[in-house]
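These notes concern the structure reproduced below.
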Amino acid sequence: MRRFTRLTNAFSKKFENHCHALALYFFWYNWTRQHKAHKLSPAMAAGITDKLLSTADLAEMVDAALPKSGKRGPYRKRLAA
């Protein structure tokens, strides 16, 4: 992966961004990439799931895990100056 070297624009300057990029790569590799020979993803071959997942499925899982936003409180009124 070119993310580990500084020779490209894909290089991560922040460690946190690097971890996020690796997590996306690992998700793609294990859950969405289909093996050419046996037409299964590694997660399907391990028996974890029975269907290929997509990045849209990942986005839905992230949205479901986020806390629900409630009603915001009233704003403080400005004093006339």
Side-chain angles (χ1 to χ4, degrees):
M1 275 187 3
R2 298 296 297 172
R3 192 151 286 277
F4 292 106
T5 62
R6 294 186 81 141
L7 303 175
T8 181
N9 291 336
F11 175 74
S12 297
K13 292 183 180 180
K14 296 179 183 176
F15 182 71
E16 184 179 2
N17 292 346
H18 182 72
C19 292
H20 293 311
L22 285 176
L24 287 173
Y25 173 73
F26 293 147
F27 177 83
W28 171 81
Y29 187 88
N30 290 316
W31 296 89
T32 65
R33 184 184 66 89
Q34 198 173 31
H35 193 274
K36 292 178 183 175
H38 52 74
K39 305 293 187 215
L40 296 173
S41 71
M44 291 169 64
I48 298 172
T49 185
D50 57 346
K51 67 173 190 151
L52 282 174
L53 295 180
S54 67
T55 52
D57 295 326
L58 175 64
E60 290 174 7
M61 288 187 277
V62 168
D63 287 340
L66 289 175
K68 302 294 183 216
S69 60
K71 184 178 177 185
R72 295 180 67 178
Y75 289 104
R76 192 173 65 173
K77 294 186 179 185
R78 293 185 182 187
L79 298 175

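When reading the values below, keep in mind they use all heavy atoms of this one structure, side chains included, and skip hydrogens, waters and symmetry mates.
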Can you give me every donor-acceptor pair (side chain of residues 38-46, partner residue at least two apart or in another chain, under 3.5 Å) with its distance?
unit_1: Lys39; atom_1: NZ; unit_2: Lys36; atom_2: O; d: 3.4
unit_1: Ser41; atom_1: OG; unit_2: Met44; atom_2: N; d: 3.2

### Query
Can you name the side-chain contact (heavy atoms from CB on, under 4.5 Å) partners of Lys51, sequence neighbours left out?
Thr49, Leu53, Asp57
### Query
Are Met61 and Ile48 in one and the same hydrophobic cluster, where Ile, Leu, Val, Met, Phe, Trp and Tyr link if side-chain heavy atoms are under 4.5 Å apart?
yes
### Task
Compare every heavy atom of Thr32 with every heavy atom of Leu52, then report the nearest pair and how far apart it is.
CD2-O, 3.9 Å
### Message
With rounding to the nearest 0.5 angstrom, report the CZ to CZ distance, Phe27 to Arg33.
### Response
13.5 Å
### Query
Below 4.5 Å, heavy atoms only, C-beta onward: do Trp28 and Leu58 meet side chain to side chain?
no
